[in-house]
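Input: a single structure, listed below in structure tokens.
For clarity, every value in this text was computed on a predicted model and none was experimentally measured. Chain letters run A, B, ... following the sequence lines, proteins first, then strands; residues in each count from 1.
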Amino acid sequence: MTEKYPLNLPQTDFPMKANSATREVETQKFWDENKVYEKSLEKRKASDKFVLHDGPPYLSSAKIHIGTALNKILKDIVTKYKAQKGFYAPYVPGYDSHGLPIETAVLKEVKGGRAALTPVELRRRCRDFALGNLKGQEANFRRLGVWGNWAEPYITLDKKFEAAQIRVFGKMATAGYLYKGLKSVSWCPNCETALAEAEVEYADHVSNSIYVKFNVDEGSRDKLPAFVPAGAEVNFVIWTTTPWTLPANLAVALHPEFEYQFLQSPNDGVLVVATQLKDDFVNKVGLDPASLKLLGTAQGKTLEFILTRHPFMDRPSMVILGEHVTAEAGTGVVHTAPGHGPEDFEIGHKYKLGVLSPVDGRGIFTAEAGKFAGERFDKSNMPIVEYLKELGKLMHHSTYSHSYPHCWRCKKPLIFRATEQWFASVDGFRKEALAAIDTVQWIPASGRNRIFTMVEKRNDWCISRQRAWGVPIPVFYCKGCGKYLMSSQSIERVAAVFAVEGSDAWWEQEASHFLGSNFPCPTCGGTEYTKETDIMDVWFDSGSTHSAVLDAREDELRGSPCEMYLEGSDQHRGWFQSSLLTSVATHNRAPYKTVLTHGFVVDETGKKMSKSIGNVVDPDDVIKQYGADVLRLWVASVNYTDDIPIGKNMLVQLAEVYRKLRNTARYLLGNLSDFDPEKDRVPLSELSKLDAFIVHRLHELVAGVTEDFDRYEFFKYYQLLQNFCVVDLSSFYFDIVKDRLYVTAPKSKERRSVQTVLEQVLQVIVRLLVPVTPHLAEDIWQFTPEKIRKASTNDLSVLLSDFPVPDMKHHNQFLDDFWTEVIPVRNTVNKALEQARAEKKIGKSVEAKVLLHFDKPELAEKVASLGNTLPSIFIVSQAEVTNAPGSNGSNGGNGKEHSEAPIAELTENGLKVTVLKADGEKCARCWKYSTKVGSDKTYTDVCDECAEALPQFDRK
RNA sequence: GCACGAAUAGCACAAUGGUUGUGCAAACGCAUGAUAAGCGUUCGGCUCUAGGUUCGAGUCCUAGUUCGUGCACCA
């Protein structure tokens, strides 16, 4: 194009295209090399702290998934914002490195399994595996733009961490909160270990449903009601969905208050079932109701102590009473196996039935199971059913779908198994824990009830695991008397060794290595010990971070309690709870002041993500295609308290918004290339109504987003910021002001006024972008002219800058009201112009002149008050208010009567807009139409304004 | 099964009990001096359903549906 006349076109090297794949990585390198995170801490080290304590992600995989990315990004948004607000806001990332899933994953690769390795070898492999995954996860996290102390993360396998954890255990032990006991616990036969409640999840499962007859023993005949005929065969009928637990059966339970019917059947003798369940039973089993004769009824409690014969084991099974028997399903006669159910265990204890648990750790029947010995529990369901059938004890067999407990790690069905385990007695400090919950701010507030009811109802915490990869339970057994040793001194000795040698020492060294040769047993005085072989539940590891990290790194993290824990809502039963319990047990306080939770990531249709459906979004792919900032923008755009959707469609839109933000910045930078704030700023009081309005809107924006960030409602920030950029700036202010920027003399006050506003906008926006899109913010900052950077803080990195503070002196209610009325006028004018355009009467709006006639004189006056700036508001060449006092010809019109006919007319909301062809000729420079074109002697094809401006341009 | 939460345009989010809105997307157009940009117009909603309170309900109440989360599960 011919550069005939000079213009002030935008000048900037800030690229329109983000090129995120390389540019973001460069930016991150810049932050690393310049130690921006460390500098931010240094700058704030004397300030109030805001410590967000990282919940450690589990190191079972080297790649993070989208939910983990979301979590880390949320944390980073919070810490970056708090740092900008002037807080000392360190972030120490952590990793959860022990535990069953890692051990299982490692063993999968070992030929010969567990037996092929010594515990120490196995542990070394687990360690390598975990640390390898750590590398991968760290790279993933850093690529997200998350800042923090990556050089010194915390890792639960760290020696000092382990020592601290042992000391937490010690404090709980000496407080009397830990004990060893025989209980029926959830057991994963696949993982060969006990599980805590938090590790159990329910999933649909198809079980065998069987009805089995328990024949009354001859010896108990006299205990039966009198109406039972002598010599009759009497059968209590139980229902169960786990045939494999029958070998462990020791009793049948009735409800003491239920009424039981004695039914004479044609082929099965006298059947005993609860009255309430009789119809259901008859129906399910397929008996003919007419063939049954009711002999009489008896209350459950009258039938206690009757002995029945176990259907296939040579022993009696006694009738006992229990309140846990329900009338919801089955027969009201409950098969009771104390070794395989918590309720059965308790009732068994009451009746002194003993505990029979004929299943080993791998789920294989032991010799106690008789003919089923050697069989895996789940493989023996059918053989047992077949056997019952053979014996004539089976009344009915079908399948039954219900939800059933599964191991949340390996996803396989669990069993209940009575074993000796270590427990933390939640009862011992439940009251304190509940009180501590109410000292915490839960966001959203429903989290409080969630954890409260969980803690209120939870049973003792089973903290022992029969595995190798973890921190050992630091307990010794006296060889002399067999009693266990768990004193503050003995535990401290373990901690001291671990701090130096790590917990491998437990497997490498003898007990004397810890206790010395003269540590007398408090019971018998013996000095020879063996070591406990169980390790601690990993939840105890991560539950100890408040001590092992917050307290242990007090210089850096200022100790427990910290300001915030921020995790997915599943952690109410996980980390939030384990941390709370250990913190309350040792310090009688919560380890956090605020707990913020988010929901789970789902696909765009609201479905859970799963590999089998193939709707999984990989954060890596998003970053490759769009960059980390777009992913971060996604995090900021959604209301994370509920399910959080993500998908292709959303990402495309987010990328658009990102581009809009980027181009907004590019416009600002381009038009500020020649602006020196020190010399060129125009005082606020001298700005036009339009310019001052944008400053006002900017102030409103800052006030709004500050509130949003303080409430952690980032999606509101996202909306506000986007609306400001699109509605206030791009389609309104930028569009209007372009002409002034490009056309007026470089140093003219009109142009400097706009630049004054643009500079303010830039200074604010670039800072508002920091928490969510730090790469973009930094990119903008690095392309900001030196003079403008100097005008604020001239920080090396924008991440070191302060968050803008809303400034009331920029608030202007008058202008707010004014433009609230005038902007709709502009919209109406746009519609009228569009009519003319649709009829091909005009192309650009500057080809038009508009006449405005208002029903309301006040509004006419208001609009007319914009004076000669009125045409620019509509981006037309001339605009007149025809019914405002004194408006005649003063608004860019030529004062003549309009000779041409209107090319479009529109009446709307009390405003009539008439569109005419613009008066005069097109100015060769500013492209507006003017009757003054040609009036200048030097510049013969331009308008008067251009002619006036041109001499002020430097000749090139 | 119980509890809690949610449901507004294709998508993301708004709306002190008072005319359902913003952006994106889509369609059409303008422009070509923010240019792999920009602007305009248009389209798009029985605010999940059914009742109720109210002068007036997206909003409050009741019941239900769907989704989600948590808890409990049948021995």
* **Which residue lies more 5' along RNA chain B, comparing A:F734 with A:W239 via nearest heavy atoms** => A:F734
* To do: On RNA chain B, check which nucleotide each of A:H335 and A:A838 is closest to and give me the residue with the more 5' one.
  => A:A838
What is the distance from [atom1] of [X] to [atom2] of [N], rounded to the nearest Å?
| X | N | atom1 | atom2 | answer |
| --- | --- | --- | --- | --- |
| A:Q571 | B:C71 | CD | P | 12 Å |
| A:L762 | B:A34 | CG | P | 19 Å |
| A:E713 | B:A15 | CD | C1' | 15 Å |
| A:H572 | B:G68 | NE2 | C1' | 15 Å |
| A:K648 | B:G10 | NZ | P | 20 Å |
| A:F715 | B:U22 | CZ | P | 19 Å |
| A:Q577 | B:C71 | CD | C1' | 12 Å |
| A:R450 | B:C2 | CZ | C1' | 15 Å |

[N] versus [M] - spacing of their [atom1] atoms, nearest Å:
| N | M | atom1 | result |
| --- | --- | --- | --- |
| B:U16 | B:G38 | P | 32 Å |
| B:A72 | B:A50 | P | 37 Å |
| B:C61 | B:G17 | P | 12 Å |
| B:C74 | B:U54 | P | 48 Å |
| B:C11 | B:G52 | C1' | 34 Å |
| B:A57 | B:U42 | C1' | 31 Å |
| B:G45 | B:U8 | C1' | 8 Å |
| B:A9 | B:A3 | P | 29 Å |

* A:Q719: side chain to side chain contact (heavy atoms under 4.5 Å, CB included) partners, not counting sequence neighbours -> none
[X] near the nucleic acid: base, sugar-phosphate alone, or nothing, with a heavy-atom cut-off under 4.0 Å?
| X | answer |
| --- | --- |
| A:Y718 | nothing |
| A:N639 | sugar-phosphate |
| A:R662 | nothing |
| A:P645 | sugar-phosphate |
| A:K17 | base |
| A:K840 | sugar-phosphate |
| A:W927 | base |

* Other residues, nucleotides, ligands: >12 heavy atoms within 6.0 Å of A:E700 CD -> yes
* Ring centres of A:W819 and A:F732 under 6.0 Å apart? -> yes
* A:F14/A:F783 aromatic ring centres below 6.0 Å -> yes
* So, is A:Y742 close to the B:A34 phosphate, meaning a side-chain N or O under 4.0 Å from OP1 or OP2? -> yes
* To do: Taking only Lys NZ, Arg NE, NH1 and NH2, and the carboxylate oxygens of Asp or Glu, determine whether A:R662 and A:D779 approach each other closer than 4.0 Å.
  => yes
Shortest non-hydrogen contact between [X] and [Y], atoms and distance:
| X | Y | value |
| --- | --- | --- |
| A:L776 | A:L661 | CD2-CB, 4.0 Å |
| A:A848 | A:V915 | CB-CG1, 3.9 Å |
| A:Y667 | A:F734 | OH-O, 2.9 Å |
| A:F576 | A:G568 | CE1-O, 4.1 Å |

Is it the case that the side chains of [Y] and [X] hold a donor-acceptor pair, with the cut-off being a distance below 3.5 Å and no angle test?
| X | Y | value |
| --- | --- | --- |
| A:T245 | A:H335 | yes |
| A:D674 | A:Q755 | yes |
| A:D941 | A:Y5 | yes |

* Pairing stems for RNA chain B [at least three consecutive pairs; Watson-Crick or G-U; under 3.5 angstrom] -> B:1-7 with B:65-71, B:10-13 with B:21-24, B:26-30 with B:38-42, B:48-52 with B:60-64
* **With sequence neighbours excluded, residues passing salt bridge (Lys or Arg N to Asp or Glu O under 4.0 Å) with A:R430** => A:D427
Distances under 3.5 Å only, N/O to N/O: pair up the protein atoms with those of nucleotides 25-27 of chain B.
{"unit_1": "B:A25", "atom_1": "OP1", "unit_2": "A:E656", "atom_2": "OE1", "d": "3.4"}

* Asked: Which of residues 666-674 of chain A sit near RNA chain B, with a heavy atom under 4.0 Å from it?
  -> A:R666, A:Y667
* Asked: Tell me, for nucleotides 38-45 of chain B in 5' to 3' order, what letter each nucleotide earns: B for a base near a protein heavy atom under 4.0 Å, S for only sugar-phosphate near one, - for neither?
  -> SSBSS---
* What's the spacing between A:L672 CG and A:Q11 CD if we round to 0.5 Å? -> 12.0 Å
* **Nearest-0.5 Å distance that lies between atom CZ in A:F709 and atom CZ in A:F714** => 6.5 Å
* **Worked verdict on A:E945 versus A:K928 for salt bridge (Lys or Arg N to Asp or Glu O under 4.0 Å)** => CA-CA 10 Å; A:E945 283 168 14; A:K928 282 179 292 186; 3.7 Å; yes
